[in-house]
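Quick notes on the structure that follows.
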Amino acid sequence: MQENVTVAESSARPACENPNVCEWVEESRKLLNPEKVIWITGSEDERRSIEELLVQDGTFTRLNEKEYPNSFWARSHQNDVARVEGRTYICSEKEEDSGPTNNWMNPTEMRAKLNGILQNSMTGKTMYVVPYLMGPSGSPYAKVGFEITDSPYVIANMRIMARIGDVALAHLSPEDTGFVRGVHAIADLDPEERYIVHFPEQNEIVSVNTNYGGNALQGKKCFALRIASTQARKEGWLAEHMLILAITTPQGKKYHICAAFPSACGKTNLAMLIPPKGYLDAGWKVETVGDDIAWLNFGEDGRLYAINPENGFFGVAPGTSEKTNPNALAALKANTIFTNTALDLDTMTPWWEELTETPPARLRDWLGNEWDPESGAKAAHPNSRFTAPAAQCPCISDDFENPLGVPIDAIVFGGRRARTAPLVYEAKNWQHGTFVGITMASEATAAAVGTVGALKRDPMAMRPFIGYHAGDYFQHWLDMGERGGEKMPCVYHVNWFRKGSDGSFLWPGFGENIRVLEWIIQRVEGAGAGRETPLGIQPPPEALNLDGLHLSSETVEELLSFSRADWDQELDSQKTFFEEIGEKLPKEIAAEHEALRSRIKSWGVVD
């Protein structure tokens, strides 16, 4: 139905004055062979036109205008519901530059394969050219990308997740050749011919046979992490899979923390943390600068400053509720796209597991069928998503649009470990902190994602997103530390998921995590008590504010403890991972590993 609703005619004429962009767009047009070409401007009229097009062709269902104004329900193809790491490639010129954590194919062979799929793939369709800006407008750290697509659904999501249209072109000089080139085509949605491909030397992304999430919204993982990580290495900054949190103490001092967590480790909940009443009454305030990705550059004062390159939240819906994350729930109450959730047919509102204790009486499931609660099937897909403007979040920071970013005081790593890792410890220095981040790991929580309890190494929570050899990435972290010296942030490791002998969690988590962050802030200030252990610096029990938690002294001791036996196993597991990285593992990281083994071995031994 694309011919029934047209985007403003003015957008058919490119406003771009960069001949390099125009030449690439024309080359793409010849390959894709669309019926017409439209340049996206980012205007409100254009937004309404795209949304109406999607409603008319059945992709969008309008939600209850009173409950969810200007919001829509959508379903993807049932074979196109998540990122596909097995179909994601880093096609560097040399295979050794891709490394052991990435899939690689010879770039010439891959281009031939992709061109075979893309040839005439937009015949009879509209080819949209989407200029987009990653980072706040006016930021010296912001970067421009282009996504050519035949998907109005992608445009509707990209205008939430990035700053699109004319604002991006305003950041592009006529001579610029460093923009990111992206081509996306829905094609046949054939999962066997689905490719998400990055050519890092050319700043180029191609994704085909997909129309969902991080596969198709190229500004997110494809640009903001995989391509950006390669740019960051060349240019001397960091592109990281990290939230950015602002915390103001009762004394009015503001601190900023970046934190990296693998999936299912509470990252979004931490990004939008609401402190318990006692902390709120005392004057603590927590704000969100970013929930997923951080770009960290050195400021004029030599410190690391972080911007959030994104403009929205692309969050997992199941598990998000008034209890777990009320700020996220408030953020998606308007101007939001819900994909693969269920739909309450009586109220025309989205629904997913754990949103309410009792499911609504009449649900349409994510497959488009009437949901049968007796079937045992989920009404919402486990990876169903909401795409919501970040500015709508009640706890969004005033610095969300700060072009210079925010100064980072601490970096926090964390995984899901039932036994091995204590509640919190501080790294001895930047090199040791880099080692802590590299060796971060998490245990699988369900059979759907692997054997329960199986350990997966996820360095800096970046394993699927490092756009080059992981060993070179580790070295880049060390090089950044050399450059920043004593002005680099302190580094910490946390574990909210420690379990007792009965299998229950020892730590309450969620908003109570502010208590650990308070100790981290005290350490940054030079005031918090800490004791040296083989792992680093840990708080003695009395250094943590545990008022009102009713934790026994035994529980607190267990939370802060670790065993030699567990860490002997952990060190062996780390060694196996390092062998996978191979010869490019920095010698400093190997030395940190051996030093930790020595400290663990001699721990508690009296001469």
Side-chain angles (χ1 to χ4, degrees), residues 260-262 265 411-445 450-461 463 474 477 490-503 505-507 516 519-520 523 530-541 543-544 554-581 585-607:
F261 296 87
C265 289
I411 291 175
V412 176
F413 296 112
R416 179 183 284 265
R417 307 298 298 269
R419 288 173 49 90
T420 307
L423 179 63
V424 59
Y425 61 93
E426 177 187 306
K428 298 173 180 293
N429 50 49
W430 181 261
Q431 178 175 298
H432 180 227
T434 299
F435 167 78
V436 169
I438 288 170
T439 55
M440 187 167 66
S442 207
E443 293 156 1
T445 58
T451 306
V452 174
L455 196 65
K456 182 177 181 179
R457 293 284 159 197
D458 193 357
M460 280 78 169
R463 185 171 184 138
F474 303 160
W477 266 72
C490 302
V491 180
Y492 298 83
H493 187 282
V494 299
N495 178 25
W496 316 130
F497 302 98
R498 187 71 177 264
K499 290 184 177 181
S501 56
D502 62 354
F505 290 115
L506 298 176
W507 183 249
V516 174
W519 179 75
I520 288 174
R523 291 292 300 172
R531 59 185 181 187
E532 288 271 356
T533 76
L535 302 186
I537 299 165
Q538 292 185 244
L544 294 172
E554 291 80 11
T555 296
V556 175
E557 190 64 36
E558 189 171 359
L559 272 167
L560 299 175
S561 68
F562 56 92
S563 78
R564 180 183 286 111
D566 286 342
W567 276 87
D568 283 342
Q569 292 182 9
E570 170 68 13
L571 286 158
D572 289 342
S573 173
Q574 290 179 11
K575 183 179 180 181
T576 300
F577 172 62
F578 289 157
E579 289 169 352
E580 178 187 347
I581 300 302
L585 179 75
K587 63 181 184 304
E588 295 90 343
I589 300 305
E592 287 289 346
H593 177 260
E594 290 306 315
L596 176 58
R597 187 181 291 277
S598 177
R599 293 195 300 270
I600 292 292
K601 184 177 182 180
S602 61
W603 179 44
V605 176
V606 179
D607 291 334

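Note: F562 and W603 have parallel aromatic rings, judged against thresholds of 30 and 60 degrees for the angle between ring planes.
Counting heavy atoms from C-beta outward, M460 and T434 have side chains that approach closer than 4.5 Å. Side-chain contact between R419 and Q569: absent, with no pair of heavy atoms (C-beta onward) separated by less than 4.5 Å. Side chains of L455 and R417 form a contact here, defined as non-hydrogen atoms less than 4.5 Å apart. A heavy-atom distance below 4.5 Å is not found between the side chains of Y425 and V494. Looking only at side-chain heavy atoms (C-beta outward), W430 and W477 come within less than 4.5 Å of each other. By the 4.5 Å heavy-atom criterion applied to side chains, D572 and R597 are counted as neighbours. A heavy-atom distance below 4.5 Å is not found between the side chains of L506 and V556.
The shortest heavy-atom contact between C265 and R416 is SG-N, 3.6 Å. The minimum heavy-atom distance between E558 and S561, with the atom names listed, is O-OG, 2.9 Å. Smallest separation of non-hydrogen atoms from W567 and T420: NE1-O, 3.0 Å. What you find for A427 and V436 is that their closest heavy atoms are CB-CG2, 4.4 Å. Among all heavy-atom pairs drawn from D458 and P262, the shortest one is OD2-CB, 3.6 Å. Between F261 and G414, the closest heavy-atom pair is CD2-O, 3.4 Å.
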Subject >> H432 vs V491, side chain to side chain contact (heavy atoms under 4.5 Å, CB included): CA-CA, chis, key distance, verdict >> reply: CA-CA 9 Å; H432 180 227; V491 180; over 6 Å; no

**OP:** Could you please spell out the steps behind the side chain to side chain contact (heavy atoms under 4.5 Å, CB included) verdict for I537 and R531?
**Re:** CA-CA 5 Å; I537 299 165; R531 59 185 181 187; over 6 Å; no

**OP:** Quick one: do L596 and L535 satisfy side chain to side chain contact (heavy atoms under 4.5 Å, CB included)? Show the steps, please.
**Re:** CA-CA 7 Å; L596 176 58; L535 302 186; 4.1 Å; yes

Original post:
What's the verdict on side chain to side chain contact (heavy atoms under 4.5 Å, CB included) for L544 and L560, showing C-alpha distance, side-chain angles and the deciding distance?
Top reply: CA-CA 11 Å; L544 294 172; L560 299 175; 4.2 Å; yes

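Taking 4.0 Å as the cut-off between side-chain N and carboxylate O, E443 and R498 do not count as a salt-bridged pair.
From D568, atom CG reaches atom OG of S573 across 12.5 Å, with rounding to the nearest 0.5 Å. One distance of note links NE2 of H593 with NZ of K575; it measures 7.5 Å at 0.5 Å rounding. Taking CD1 of I600 as the start and CG of L571 as the end, the distance is 6.5 Å to the nearest 0.5 Å.
The closest side-chain donor-acceptor pair between T533 and Q538 falls under 3.5 angstrom. Neither side chain, T576 nor R457, offers a donor N or O lying under 3.5 Å from an acceptor on the other.
Counting non-hydrogen atoms of other residues, nucleotides and ligands closer than 6.0 Å to CZ of R523 gives a total above 12. Atom NZ of K428 is surrounded by more than 12 heavy atoms from other residues, nucleotides or ligands within 6.0 Å.
A search for ring-ring contact (aromatic ring centres under 6.0 Å, His included) contacts involving F577 returns nothing, not counting sequence neighbours.
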